[in-house]
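Right, one structure below, let's go through it.
Positions are given from 1 along the sequence.
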Amino acid sequence: MKPLITFVLLSLCLLPIIFVLVSTSFKADSSSFSIDYKNNCFRKDGKPFQFISGSIHYSRIPREYWKDRLLKIISANTVYVPWNFHETVQGVFNFAGDRDLEYFLNLANQTGLLVILRPGPYICAEWEMGGLPAWLLQKPNIILRSADTEYLKAASDWFGVLLTKMRPWLYQNGGNIISVQVENEYGSYFACDYNYMRHLHTLFRLFLGEDVILFTTDGNTDKEMICGTLEGLYATIDFGTDTNITAAFIRQRRFEPKGPLVNSEFYTGWLDHWGDKHASVDTVKVSKMLGEMLSMGASVNMYMFEGGTNFGYWNGADHDTRFRSVVTSYDYNAPLSEAGDPTDKLLAIRDVIKNFRDIPVGPMPPATPKFAYGFVTLQKVGNISSLLDTLSPQGPVQSQYPLTFEEIKQYYGFMLYRTTLPRNVPEPTPLISPLNGIHDRAYVSVNGVYQGLMERDTALVMNVTGQQGDQLDILVENMGRVHFGSYINDNKGLLGNLILGNDVLTDWSIYPLDIDTAVANGWLQAAHSGSGMEAGDGPMIYSGTLKPTGLAWDTFVKLNGWTKGQVWVNGVNLGRYWPQRGPQQTLYVPRPFLSATQPNNITVLELERAPSHRRILFMDRPQLNSTGQKT
């Protein structure tokens, strides 16, 4: 499912196994990593080598916690490089702060971990658009993940920046990257474009040289292995606890008759969608199957080792029979929790691994301390329509017909579409999206009074009333772009006309909303305070303050009685809440987001209805498994 970086604690492979915590600060001319096809294993510095690795994603963990998480990995680490995380705007590359990939690699190196780099360009990972930047969709007919000229040009430009940075980190150059994945589970994509894969192969060799191992990862079917593999790229396979190990590795052998057995994604857990039950994978099955694969001499990467959090708007979505958005928590039922804490699953995995090699001596690094700060009561700042000067200071884009997010270059978050009613509608009259063009949820108001919502695939009609000339506001939420399958060309906003009765609505004013900047600058905490205490229906901004306690510890915020929306703490976007849909009931607030000595500013965008008590609760533990109503 994922392009990544895999960090590896090492062992000797098909010989009696000796665990080695590797320091990679050595001369490049003494370092080599290769495939021994005769003896069916990897060779590191000339010796047989087997890796056990675990995936974490630096993009889902605050920078201040990267080292803590790496120290808890008892074998190796895998992490994606999301293209859209680093090139959110075309041609503007960001590798600073929480995006400082080389700092992350250096921390891995300091903790003795080797790295398996999985840079995409597509990564899946249940990440927004599978890591592809949304600006690619400004080309309306672009064929993503193919030899499409415009797509290849964009991907080549990206890799010209990324892979140039990565080359010094290759193991044979004195770094800690032992292998690099090309694309990700390409066999599951409809295009099956070998010219595309050949282009990537050539590109990776151009920037990384001839010595590094390049590999592919694909699912456990013949079709996926046929379309996802390519001569010159070592073919690996992925599967979870519901699979027959022998049958899966026999399939890998059909595509790679010689070389090491590799499960590049052994699923320790699974993802959640809104409205699902919280996913879990049995610990006994995980540990038993891991032991069996290691006994066979296979190298294994556990996906995930720690999942982390889809902060902000970075969650992805699936689309099979309908659109299903991934929740904010990427806990994944992994060996380390969303907050990086050891679980029973981690202890069971350690017990398996120590049968094959030594594990680090001494106690496991402890869980980070948690604190229940209690209730905070919020005040209403105002509804979205009344705050447009603050939220969209550049003003609206005028268009006869609706434009998408991508056409306006508002790639994430929210846009408000405004027009007027073309005639009197004294009786409830259907407002219709005839071509399923609501991507993904639309919150409808007339003259500032909330009327209801429309939702992709499930609620394409609602009734409105009003007078000719009344202001019709439609706030559209991007719930995360599809990350897997054939629907990743996932434009957002109003994708087609809306019809009121028999009238096509025209003459739109379209406001791109920069809520994150307004929150970060304190404009919604100070400039609009005191505008009323009552809760209301429809999209509203609320704010409040968590008073300093002298402690800044991890915590979890619960919005009991609230409906759906977004939360910011001290200007940091924690992600989406939706307790009525579930299963996730709390949002993770890491310690680095809080101040122990200054007031902590809380901002909530409630999209449907806030409770009369307007309270939120800061708890010392998460609640991820309570499924509410599904409609």
Side-chain angles (χ1 to χ4, degrees), residues 1-2 4 54-73 77-80 82 98 125-128 267-274 276-281 283 286 302-316 325-347 349 364-372 480 553-559 566-567 569 572-579 582-594 617-627:
M1 285 174 126
K2 350 303 182 194
L4 32 133
S55 297
I56 70 170
H57 298 158
Y58 63 94
S59 55
R60 285 178 160 132
I61 300 169
R63 174 188 173 113
E64 294 86 348
Y65 276 160
W66 287 352
K67 186 172 184 179
D68 172 80
R69 306 307 195 256
L70 292 170
L71 286 170
K72 291 173 180 174
I73 293 177
N77 174 244
T78 301
V79 65
Y80 283 111
D98 285 348
E126 289 77 59
W127 185 264
E128 223 275 348
Y267 302 113
T268 62
W270 202 246
L271 66 142
D272 290 341
H273 304 95
W274 293 111
D276 288 353
K277 293 182 178 178
H278 180 52
S280 65
V281 174
T283 294
V286 170
M302 288 170 278
Y303 190 97
M304 296 290 298
F305 204 83
E306 183 203 358
T309 307
N310 295 310
F311 295 114
Y313 311 112
W314 289 117
N315 65 278
S325 182
V326 174
V327 305
T328 300
S329 172
Y330 200 63
D331 177 84
Y332 211 82
N333 190 225
L336 291 176
S337 72
E338 177 183 12
D341 298 335
T343 68
D344 290 343
K345 187 172 288 184
L346 176 64
L347 300 178
I349 287 171
M364 170 68 63
T368 54
K370 311 294 189 296
F371 194 75
W553 286 3
D554 285 3
T555 188
F556 302 88
V557 60
K558 183 175 184 179
L559 292 98
Q566 208 91 16
V567 181
V569 172
V572 179
N573 191 333
L574 298 183
R576 310 176 202 274
Y577 67 90
W578 201 355
Q584 181 175 359
Q585 300 295 309
T586 57
L587 295 176
Y588 174 47
V589 186
R591 173 191 57 76
F593 295 178
L594 295 172
L617 175 63
F618 288 90
M619 306 167 55
D620 59 3
R621 64 198 64 192
Q623 292 182 1
L624 302 178
N625 59 355
S626 299
T627 303

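Relative ring orientation between Trp553 and Phe371 is described as perpendicular, the plane-to-plane angle rising above 60° on a 0-90° scale split at 30° and 60°. Between Tyr330 and His57, the ring planes lie parallel to each other; the angle is under 30°, not in the 30° to 60° tilted range.
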- Task: Just do the side chain to side chain donor-acceptor pair (under 3.5 Å) check on Thr309 and Glu338 with the steps written out, would you?
- Result: CA-CA 7 Å; Thr309 307; Glu338 177 183 12; 2.7 Å; yes
- How far apart are the C-alpha atoms of Trp66 and Ile61, what are their side-chain angles, what is the distance that settles it, and do they pass the side chain to side chain contact (heavy atoms under 4.5 Å, CB included) test? CA-CA 7 Å; Trp66 287 352; Ile61 300 169; 3.8 Å; yes
- Message: side chain to side chain contact (heavy atoms under 4.5 Å, CB included), that's the test. Do Tyr267 and Val286 meet it? Break it down for me.
- Response: CA-CA 8 Å; Tyr267 302 113; Val286 170; over 6 Å; no
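Contact record, Tyr303 with Ala125: OH-CA, 3.6 Å, taken as the closest heavy-atom pair. In plain terms, the two heavy atoms of Ala279 and Leu271 that are nearest each other are CB-O, 3.5 Å. Taking every heavy atom of both residues into account, Ala334 and Gly307 meet most closely at CB-N, 4.3 Å. In plain terms, the two heavy atoms of Gly340 and Asp68 that are nearest each other are O-OD2, 4.5 Å. The minimum heavy-atom distance linking Gly480 with Arg576 is given by the pair N-NH2, 3.6 Å. Of all non-hydrogen atoms in Leu559 and Pro579, the two that sit nearest each other are O-CG, 3.6 Å.
Counting only N and O atoms by type, the side chains of Thr283 and Asp344 include no donor and acceptor under 3.5 Å apart. Under 3.5 Å, the side chains of Gln584 and Ser329 contain no donor-acceptor pair of N or O atoms.
Although no hydrogens or angles enter the test, the distance criterion places a donor-acceptor pair under 3.5 Å between the side chain of Lys72 and the main chain of Pro366. A distance-only check finds no donor-acceptor pair linking the side chain of Glu306 to the backbone of Tyr332 [under 3.5 Å]. A donor-acceptor pair is defined here as one N or O able to donate and one able to accept, closer than 3.5 Å; such a pair exists between the side chain of Asn333 and the backbone of Val281. Asn315 places a side-chain N or O within 3.5 Å of a backbone atom of Val326 that can act as its donor or acceptor partner. In this structure, Asp331 contributes its side chain and Ser337 its backbone to no donor-acceptor pair below 3.5 Å.
Arg60 CZ to Glu126 CD: the interatomic distance, rounded to the nearest 0.5 Å, is 6.5 Å. With rounding to the nearest 0.5 Å, the separation of CD1 in Ile56 from CE in Met304 is 7.5 Å. Distance CZ/Arg69 to OG1/Thr368: 6.0 Å, rounded to 0.5 Å. A distance of 12.5 Å separates CG in Asp554 from CZ in Phe618, rounded to the nearest 0.5 Å. Between Thr586 atom OG1 and Tyr577 atom OH the span is 14.0 Å, to the nearest 0.5 Å. Distance check: Gln585 CD to Leu617 CG gives 12.0 Å after rounding to the nearest 0.5 Å.
Other residues, nucleotides and ligands contribute more than 12 heavy atoms inside 6.0 Å of the NZ atom of Lys370.
Separation of the Phe311 and Trp314 ring centroids does not fall under the 6.0 Å cut-off.
Side-chain contact check for Val572 versus Val569: every heavy-atom pair is 4.5 Å or farther apart. Here the side chains of Pro622 and Tyr588 are not in contact, with every heavy-atom distance at 4.5 Å or above. The side-chain heavy atoms of Thr328 and Trp578, taken from C-beta on, include no pair separated by under 4.5 Å. Using a 4.5 Å heavy-atom threshold, the side chains of Gln623 and Phe556 count as separate.
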